[in-house]
There are 2 protein chains.
Amino acid sequence: MTAPTLDELSLLHANICQALGDPKRIQILYALYEQPLHVTALADYLDTPQPTISRHLRVLRQRALVTTERNGAAVVYRLTDERMIAVLETMRKILRDSLSRQSNVLNIM
Amino acid sequence: MTAPTLDELSLLHANICQALGDPKRIQILYALYEQPLHVTALADYLDTPQPTISRHLRVLRQRALVTTERNGAAVVYRLTDERMIAVLETMRKILRDSLSRQSNVLNIM
DNA sequence: TCCATGTATTCGTTTATCCGAATACATCAA
DNA sequence: TTGATGTATTCGGATAAACGAATACATGGA
């Protein structure tokens, strides 16, 4: 297994970012930062249908952002690397600064 | 303009991440980190058609990840906030660690 | 004004993403 | 084995993103 080329690295990198590019998945990561949770608990916590949560978790799992551990019939999800939360927090700082500079970023929605 | 709710913040946050979720845009940000560039120079540097670069830049500009400055007929793009590169670098560290973990698993099997 | 250079947009198509609804699959206990 | 609980997947339709090709638009100089 050789080191990835710059293009391959950019592709992997973009894949990670793309997994972060959904508000529900952002919320899932923050929830799992508080504590590991199984699927139904997450679904309840985020007031979201279980299949929807399960699909989002699959995306995060495929990118290795979360890991799983079976506990009876339940599957407990946890963050793979808490540094990812630090990353998200820095992004939020940048975002807040950006918002205070130009308050019309909301228009992109 | 009031502070965003948690849901609104997650949405904005995800929008930023989604803008990062394309390998070409990752490459653009790293290129602009080296130095500000105008569109054609960027297109040449990344060996990519100018309209493609222009569309990617629009996405980054809408999310306030890059800013523009006109220089005659040319439009020079630059990073809005270099902290975003620090964010990307941390993500790459996490990604590399993730890859090496997977490699270990593959070696065992 | 006309031309050359540089940038942005539109069009059409393809591909990807997202969700609700339904259902299949997995695990454990009785 | 059956039922209860928990998880994952499939299907179908709607929405969004991506690209090549063509072209419109902007700027400055002759």
Side-chain angles (χ1 to χ4, degrees), chain A residues 7 10-29 31-32 35-78 105-109, chain B residues 7-8 10-29 31-32 35-78:
Chain A
D7 276 6
S10 295
L11 184 54
L12 292 168
H13 197 163
N15 260 307
I16 301 294
C17 293
Q18 195 250 6
L20 302 174
D22 181 283
K24 201 64 81 177
R25 290 198 286 267
I26 295 278
Q27 293 174 336
I28 288 175
L29 292 176
L32 296 182
Q35 62 177 320
L37 289 171
H38 66 278
V39 180
T40 302
L42 254 182
D44 291 344
Y45 182 70
L46 297 178
D47 193 26
T48 303
Q50 175 270 322
T52 297
I53 294 294
S54 193
R55 279 183 301 227
H56 283 308
L57 286 170
R58 178 174 52 182
V59 173
L60 296 172
R61 183 166 23 92
Q62 285 170 335
R63 269 74 167 191
L65 295 173
V66 299
T67 60
T68 60
E69 175 190 353
R70 191 168 267 287
N71 182 5
V75 177
V76 178
Y77 281 76
R78 70 180 68 239
V105 175
L106 282 170
N107 292 339
I108 64 179
M109 312 188 307
Chain B
D7 275 6
E8 288 169 346
S10 295
L11 184 53
L12 291 168
H13 198 162
N15 258 300
I16 301 292
C17 292
Q18 195 252 2
L20 301 174
D22 181 283
K24 200 64 80 176
R25 291 197 286 267
I26 295 278
Q27 292 173 335
I28 288 174
L29 292 176
L32 296 183
Q35 61 176 321
L37 289 171
H38 66 279
V39 181
T40 302
L42 206 42
D44 291 345
Y45 183 69
L46 297 178
D47 194 25
T48 302
Q50 175 270 321
T52 297
I53 294 295
S54 194
R55 278 183 302 229
H56 282 309
L57 286 171
R58 179 174 52 184
V59 173
L60 295 172
R61 182 166 24 93
Q62 285 171 335
R63 270 75 165 188
L65 296 173
V66 298
T67 60
T68 60
E69 175 190 353
R70 192 168 267 288
N71 183 5
V75 177
V76 177
Y77 281 77
R78 71 180 67 238

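Chain naming here is simple, since letters A, B, ... match the order of the sequence lines and numbering starts at 1 in each.
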**B/S/- contact track for nucleotides 21-30 of chain D, protein heavy atom under 4.0 Å** = BB---SSS--
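- Distance CG (Leu37(A)) to C1' (dT7(D)): 15 Å, rounded to an integer number of Å.
- Looking at Arg70(B) and Val75(B), their side chains come closer than 4.5 Å, going by heavy atoms from C-beta outward.
- Side chains of Arg78(A) and Thr67(A) form a contact here, defined as non-hydrogen atoms less than 4.5 Å apart.
- Nearest-nucleotide assignment on DNA chain C puts the 5′-proximal partner with Tyr77(B), out of Tyr77(B) and Pro49(A).
- For the OP1/OP2 pair of dA8(D) and a distance below 4.0 Å, the side-chain nitrogens and oxygens of Arg58(A) include no atom meeting the criterion.
- Within 4.0 Å (heavy atoms only), Thr40(B) reaches sugar-phosphate atoms of the nucleic acid but no base atom.
- In the region residues 16-27 of chain A, proximity to DNA chain C at under 4.0 angstrom, judged on heavy atoms, holds for Gln18(A), Asp22(A), Arg25(A).
- Every residue meeting the side chain to side chain donor-acceptor pair (under 3.5 Å) condition with Thr52(A), not counting sequence neighbours, appears here in chain and number order: Arg55(A).
- Rounded to whole Å, atom C1' of dA16(C) lies 14 Å from atom CG of Leu11(A).
- For the pairing with Tyr77(B), the side-chain contact (heavy atoms from CB on, under 4.5 Å) check across Leu60(B), Leu57(B), Leu37(B), Ile53(B) returns one residue only, Leu57(B).
- With sequence neighbours excluded, no residue forms a side chain to side chain donor-acceptor pair (under 3.5 Å) with Gln62(A).
- In this entry the distance linking CD1 of Ile53(B) with P of dG6(C) reads 16 Å, nearest Å.
- We find that CG of Leu57(B) is positioned 17 Å from P of dA17(D), with the value rounded to whole Å.
- If you measure from atom CG of Leu42(A) to atom C1' of dA8(D), you get 15 Å, rounded to the nearest angstrom.
- Distance, Asn15(B) CG to dT17(C) P: 16 Å, rounded to whole Å.
- Of the candidate nucleotides dT7(D), dC19(D), dT10(D), dC19(D) has the atom lying nearest to any side-chain atom of His56(B).
- Here the side chains of Leu11(A) and Asn15(A) are in contact, with some heavy-atom distance below 4.5 Å.
- Between Val66(B) and Arg61(B) the shortest side-chain heavy-atom distance falls below 4.5 Å.
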For residues 22-29 of chain A, run the donor-acceptor check on the side chains, cut-off 3.5 Å, and write out each pair with its distance to 0.1 Å, sequence neighbours left out.
| unit_1 | atom_1 | unit_2 | atom_2 | d |
| --- | --- | --- | --- | --- |
| Asp22(A) | OD1 | Lys24(A) | N | 2.8 |
| Asp22(A) | OD1 | Arg25(A) | N | 3.4 |
| Lys24(A) | NZ | Thr48(A) | OG1 | 3.1 |
| Arg25(A) | NE | Ala19(A) | O | 2.6 |
| Arg25(A) | NH1 | His56(A) | ND1 | 3.1 |
| Gln27(A) | NE2 | Asp7(B) | OD1 | 2.8 |

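- Counting non-hydrogen atoms under 4.0 angstrom, Ser54(A) reaches a base of the nucleic acid.
- Among residues two or more places apart in sequence or in another chain, the side chain to side chain donor-acceptor pair (under 3.5 Å) test is passed with Arg58(A) by none.
- Distance Asp44(B) CG to dG6(C) C1': 12 Å, rounded to the nearest Å.
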